[in-house]
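Please read the structure below before turning to the comments.
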Amino acid sequence: MLTTEQPTARRRYWDKYTAPDHGWRIDGASKQPRRPPGEELAALRSGLGRPVMDSPKMWPHYSTEVDDVLALRDRVSDEQQAEHAALALYGLHQQGQSRPMHRSGVKLGRALRELRRDGKYSENALDARVAQLAAATSVPALLVHLRGLVTQLRTVGQPLDYDHLMADIRAWHQPERRPQVRLKWALGYRAWQSKAPDADE
């Protein structure tokens with residue numbers, strides 16, 4: 001179902017196009033679905049594997065405010081870095097998809113569980129890739145593993161909550177917060193072992 005566009009406060013890029021009912025937002029003037037233009041998605045993908053602010057094409061799509069104190073030292077916040085990574089991954093995920101790949105409430109663990117259930121990829125191979133993701137000891141390593149898994153999610157058309165993913169990436173910048181993120185992923189992903197497949201992650 002499509003939802004009519006309503007004026008709102010500043011949103012993350014994916015929220016500009018994805019409605020609360022998980023369909024596309026509707027443009028108030030044309031009454032047509034608002035989908036992210038291909039050139040914008042290409043601009044987001046230009047940030048894959050690159051540091052935050054390194055791709056000028058992405059600059060118009062950032063929504064995180066610049067931390068003035070850090071900027072004086074030519075640095076950016078963890079939130080800015082996390083948004084950059086999430087935007088680039090979203091550009092990869094949404095490429096070629098007819099429906100929104102951002103879906104509120106579908107956290108990473110659940111999305112990967114659905115990928116496992118799809119059957120397109122070997123369960124053992126996917127288990128190993130998810131374990132490598134969770135064992136990442138740096139943010140760059142985490143993003144390499146996420147890129148590969150998001151590519152697989154795109155292949156099967158499995159959506160993901162990019163607000164939650166951005167929060168996870170932000171938390172990964174602080175090693176003391178990583179165990180809680182791993183726990184959340186594990187609870188969501190390993191729920192395939194449960195008799196309650198829709199248990200929250």
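- Heavy atoms of other residues, nucleotides or ligands lying less than 6.0 angstrom from CZ of R75 number 12 at most.
- Contact detail for P36 and W24: the closest heavy-atom pair is CD-CZ3, 3.3 Å.
- Taken to the nearest 0.5 Å, the CZ atom of R182 stands 9.5 Å off from the CG atom of L133.
- V144 and V139 sit in two unconnected hydrophobic clusters of ILVMFWY residues. Membership requires side-chain heavy atoms under 4.5 Å apart, directly or through other members.
- Nearest approach of A43 to S55, heavy atoms of both residues: O-OG, 4.3 Å.
- Atoms CZ and CG, from R113 and L115 in turn, are 12.0 Å apart once rounded to the nearest 0.5 Å.
- Within the 4.5 Å cutoff, the side chain of M58 has no heavy atoms near those of the M53 side chain.
- Judged by distance alone, the side chains of H93 and Y162 do bring a donor and an acceptor atom under 3.5 Å apart.
- With 3.5 Å as the limit, one finds no donor-acceptor pair spanning the side chains of Q97 and R154.
- Taken from CG in D68 to OG in S77, the straight-line distance is 11.0 Å, to the nearest 0.5 Å.
- A heavy-atom distance below 4.5 Å is found between the side chains of P159 and R99.
- Looking only at atom types and distance, the side chain of D163 has a donor-acceptor partner in the side chain of W14 under 3.5 Å away.
- R116 is listed as a side-chain neighbour of D127, based on a closest heavy-atom distance under 4.5 Å.
- The shortest side-chain heavy-atom distance between P33 and R25 does not fall under the 4.5 Å cut-off.
- Side-chain atoms of Y62 do not come within 3.5 Å of backbone N or O of V52 as any donor-acceptor pair.
- The existence of a salt bridge linking D54 and R50 is confirmed by a sub-4.0 Å separation between a basic side-chain nitrogen and an acidic carboxylate oxygen.
- Taken to the nearest 0.5 Å, the OG1 atom of T155 stands 7.0 Å off from the CD atom of Q152.
- Under the 30°/60° scheme for interplanar angles, the aromatic rings of Y13 and H61 are found to stand perpendicular.
- Pairing each heavy atom of L108 with each of L165, the nearest pair is CD2-CD1, 4.3 Å.
- One side chain, T64 or R12, offers a donor N or O that lies under 3.5 Å from an acceptor on the other.
- From H22, atom NE2 reaches atom OG of S104 across 6.5 Å, with rounding to the nearest 0.5 Å.
- The hydrophobic cluster containing Y121 also contains L160, counting ILVMFWY residues as joined when their side-chain heavy atoms lie under 4.5 angstrom apart, directly or transitively.
- Nearest heavy-atom pair across L143 and A85 is CD2-CB, 3.7 Å.
- From R11, atom CZ reaches atom OH of Y17 across 10.0 Å, with rounding to the nearest 0.5 Å.
- Judged purely by atom type and a 3.5 angstrom limit, Q94 uses its side chain to pair as donor or acceptor with the backbone of M101.
- Nearest heavy atoms, L87 versus L44: O-CB, 3.5 Å.
- In plain terms, the two heavy atoms of A82 and M166 that are nearest each other are CB-O, 3.5 Å.
- Both V156 and L149 are members of a single hydrophobic cluster when ILVMFWY side chains are connected at heavy-atom separations under 4.5 Å.
- Neither side chain, H102 nor Y90, offers a donor N or O lying under 3.5 Å from an acceptor on the other.
- Panel note: side chain H84, backbone G47; a donor-acceptor pair is recorded below 3.5 Å.
- With salt bridges taken as basic N to acidic carboxylate O contacts below 4.0 Å, none links R110 and D161.
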Item to check | Audit row: E114, V106, side-chain contact (heavy atoms from CB on, under 4.5 Å) steps and yes/no | outcome: CA-CA 10 Å; E114 295 304 323; V106 181; over 6 Å; no
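- Hydrophobic clustering places W59 together with L89 (ILVMFWY residues linked when any side-chain heavy atoms are closer than 4.5 Å, directly or through intermediates).
- Side-chain N or O atoms of R178 include one that pairs as donor or acceptor with a backbone N or O of T137 at under 3.5 Å.
- Side chain of R45 to backbone of E40: no donor-acceptor contact under 3.5 angstrom is found.
- A donor-acceptor pair under 3.5 Å is formed between the side chain of H173 and the backbone N or O of I169.
- With hydrogens and angles disregarded, no donor-acceptor distance shorter than 3.5 Å links the side chain of R34 to the backbone of I26.
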Item to check | Intermediate values then yes/no, salt bridge (Lys or Arg N to Asp or Glu O under 4.0 Å), D168 and K107 | outcome: CA-CA 10 Å; D168 290 344; K107 300 175 189 176; over 6 Å; no
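- For the side-chain contact (heavy atoms from CB on, under 4.5 Å) with R170, the lone residue among Q80, E79, E83 that qualifies is E79.
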